[in-house]
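One structure, pasted below without further comment.
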Amino acid sequence: MRKIILTLISIICIYSVSAQKYSDTYIKDANKVALDWLNDVNHEKYENAYNLLSKEWRQSVKQESWIELINNIMLEFGGINSRKVTQTYFQSEIDQLEDGFYVFIHYDVNYKNTKEHTENLLLKQNDKLKWEILHYNYEFKNKEDDTPRNIPSKKKEELD
């Protein structure tokens with residue numbers, strides 16, 4: 001009986017370590033894509049950034065409209081001074097989305113024209129095992145008048 005219990009505990013531990021290893025790999029890979037996307041956005045490489053959006057997002061907005069919107073947002077933010085990852089985590093199940101591989105990444109950001117700025121990304125792995133930007137939102141206060149601003153998000157509760 002003791003051998004059976006020890007064997008079960010060993011199997012559970014091995015499975016747990018293995019699952020954590022894969023989650024860490026997913027987070028690392030998704031974080032690289034997220035930083036590439038944010039760098040493209042911050043350096044006005046909007047076409048590259050658009051191509052990293054999920055198929056669902058690209059189907060819902062034309063490239064020209066998205067580029068105009070993101071350009072206006074970046075003009076409002078001003079140049080970027082710094083960005084720091086504050087939280088990352090992996091999930092395979094999210095309400096109202098199909099099961100899959102998802103990574104949430106939260107950042108504290110310092111832009112020229114904002115303060116108390118946060119950005120949140122949700123990435124998903126597509127059917128070709130590539131990470132894509134599924135959702136982006138942000139919150140900040142305007143440096144000049146302390147007015148809180150954010151991008152409306154139907155999935156915001158998932159990113160908090």
Side-chain angles (χ1 to χ4, degrees), residues 20 22-160:
Q20 182 63 41
Y22 287 117
S23 295
D24 290 346
T25 300
Y26 296 145
I27 289 170
K28 179 183 167 197
D29 293 346
N31 192 47
K32 182 183 179 333
V33 171
L35 288 175
D36 288 346
W37 184 79
L38 289 164
N39 283 331
D40 284 345
V41 167
N42 291 139
H43 293 97
E44 299 180 17
K45 296 178 182 176
Y46 300 134
E47 189 171 323
N48 291 348
Y50 182 83
N51 291 327
L52 286 174
L53 299 177
S54 68
K55 181 174 95 173
E56 297 86 355
W57 199 349
R58 284 183 280 124
Q59 287 175 344
S60 70
V61 63
K62 292 184 187 266
Q63 182 174 352
E64 299 79 24
S65 299
W66 186 84
I67 288 173
E68 183 179 341
L69 173 67
I70 201 73
N71 184 55
N72 289 337
I73 290 169
M74 290 299 114
L75 288 173
E76 183 175 7
F77 292 175
I80 187 165
N81 297 319
S82 66
R83 176 179 286 113
K84 178 184 172 189
V85 175
T86 57
Q87 185 180 21
T88 59
Y89 55 96
F90 169 82
Q91 280 186 225
S92 58
E93 297 177 3
I94 299 175
D95 289 343
Q96 301 176 2
L97 294 175
E98 65 187 352
D99 289 353
F101 294 156
Y102 298 92
V103 171
F104 294 84
I105 308 174
H106 304 276
Y107 302 92
D108 281 340
V109 189
N110 182 338
Y111 282 103
K112 181 181 175 186
N113 299 334
T114 68
K115 62 182 182 180
E116 298 176 31
H117 195 123
T118 60
E119 292 177 326
N120 304 291
L121 284 173
L122 172 59
L123 291 92
K124 78 170 219 164
Q125 198 175 66
N126 69 19
D127 58 354
K128 293 183 174 87
L129 306 179
K130 302 278 186 191
W131 289 99
E132 300 175 323
I133 308 300
L134 181 63
H135 186 74
Y136 167 69
N137 79 352
Y138 57 84
E139 292 185 26
F140 67 91
K141 289 185 180 175
N142 191 312
K143 276 192 177 176
E144 295 175 7
D145 60 12
D146 262 0
T147 307
R149 306 268 178 103
N150 68 346
I151 187 168
S153 169
K154 62 183 174 194
K155 297 182 190 120
K156 182 177 181 318
E157 64 278 357
E158 296 166 8
L159 297 172
D160 288 336

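Nothing here was measured: the structure is a model prediction, and the numbers come from that model.
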Quiz item: Hey, does Leu122 have a side-chain heavy atom less than 4.5 Å from the side chain of Tyr102?
Solution: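 Contact flag for Tyr102/Leu122 side chains = yes.
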
Self-check item: Asn51 and Asp40: CA distance, side-chain angles, deciding distance, side chain to side chain contact (heavy atoms under 4.5 Å, CB included) verdict
Solution: CA-CA 11 Å; Asn51 291 327; Asp40 284 345; over 6 Å; no

Quiz prompt | Ser54 side chain to Glu132 backbone, donor-acceptor under 3.5 Å | solution =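 No; zero donor-acceptor contacts below 3.5 Å.
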
Quiz prompt | Steps toward side chain to side chain contact (heavy atoms under 4.5 Å, CB included) verdict (Val41, Phe77) | solution = CA-CA 12 Å; Val41 167; Phe77 292 175; over 6 Å; no

Practice problem: Could you grab the distance from atom CG of Asn42 to atom OH of Tyr111, nearest 0.5 Å is fine? | Solution: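 Going from CG on Asn42 over to OH on Tyr111, the span is 4.0 Å.
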
Quiz item: Which heavy-atom pair separates Tyr107 from Ala34 by the least distance, and what is that distance?
Solution: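 Heavy-atom minimum between the residues: OH-CB, 3.4 Å.
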
Only distances under 3.5 Å count here; give the side-chain donor-acceptor pairs of residues 62-72 to other protein atoms, sequence neighbours excluded, each with its distance to 0.1 Å.
from, atom 1, to, atom 2, distance (Å)
Asn71, OD1, Tyr46, OH, 3.2
Asn72, ND2, Glu68, O, 3.3

Quiz item: Which heavy-atom pair separates Thr114 from Phe140 by the least distance, and what is that distance?
Solution: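 Result for this residue pair: CG2-CD1, 3.3 Å.
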
Practice problem: Determine whether Asp108 and Thr118 make a side-chain contact, defined as any pair of heavy atoms from C-beta on separated by less than 4.5 Å. | Solution: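 Of all side-chain heavy-atom pairs linking Thr118 with Asp108, at least one is under 4.5 Å.
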
Quiz item: Does Lys32 have any side chain to side chain donor-acceptor pair (under 3.5 Å) partners at least two apart in sequence or in another chain, and if so, which?
Solution: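 By the side chain to side chain donor-acceptor pair (under 3.5 Å) rule, Lys32 matches Asp36.
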
Exercise. List the atom of Asn81, the atom of Lys112, and the distance in Å for their closest heavy-atom pair.
Key: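 For Asn81 and Lys112, the tightest heavy-atom pair comes out as ND2-N, 3.9 Å.
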
Self-check item: Exam field: side chain Tyr138 to backbone His117, donor-acceptor pair closer than 3.5 Å
Solution: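 Not confirmed, Tyr138 side chain does not pair with His117 backbone.
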
Exercise. Can you see which heavy atom on Phe90 is nearest to which on Val103, and at what distance?
Key: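 Scanning both residues completely, I find the closest heavy atoms to be CD1-CG2, 4.1 Å.
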
Quiz item: Where the side chain of Asn113 meets the backbone of Glu76, is there a donor-acceptor pair that is under 3.5 Å apart?
Solution: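 Side chain of Asn113 to backbone of Glu76, a donor-acceptor pair under 3.5 Å: yes, one is there.
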
Practice problem: Determine yes or no for a side-chain-to-main-chain donor-acceptor pair under 3.5 angstrom, with Asn31 supplying the side chain and Ile27 the backbone. | Solution: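 Not confirmed, Asn31 side chain does not pair with Ile27 backbone.
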
Quiz prompt | ring-ring contact (aromatic ring centres under 6.0 Å, His included) evaluation trace for Tyr136 with Trp57 | solution = CA-CA 10 Å; Tyr136 167 69; Trp57 199 349; 7.4 Å; no

Quiz item: How many angstroms lie between CG in Leu52 and CG in Leu123, if you round to the nearest 0.5 Å?
Solution: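 Result: 9.0 Å between the selected atoms.
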
Practice problem: Please examine the side chains of Tyr89 and His106, heavy atoms only from C-beta on, and report whether any two atoms are closer than 4.5 Å. | Solution: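 The answer is yes; the side chains approach within 4.5 Å.
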
Quiz item: Which distance, rounded to the nearest 0.5 Å, do you find between the CZ of Phe101 and the OG of Ser92?
Solution: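 Between atom CZ of Phe101 and atom OG of Ser92 there are 7.5 Å.
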
Practice problem: Hey, could you give me the CH2/CG distance between Trp37 and Leu53, rounded to the nearest 0.5 Å? | Solution: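 Reported to 0.5 Å precision, the distance equals 6.5 Å.
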
Quiz item: Which pairs with one or both residues in residues 121-130 pass salt bridge (charged side-chain N to carboxylate O under 4.0 Å, His left out), sequence neighbours excluded?
Solution: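 Residue pairs with at least one partner in residues 121-130: Glu56-Lys124, Glu98-Lys124.
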
Quiz prompt | Leu38 CG to Glu119 CD distance, which is reported to the nearest 0.5 Å | solution =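 If I round to the nearest 0.5 Å, the distance is 5.5 Å.
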
Self-check item: Spatial distance of atom CG (Leu134) from atom CD (Gln125) [nearest 0.5 Å]
Solution: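 If we round to the nearest 0.5 Å, Leu134:CG and Gln125:CD are 13.0 Å apart.
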
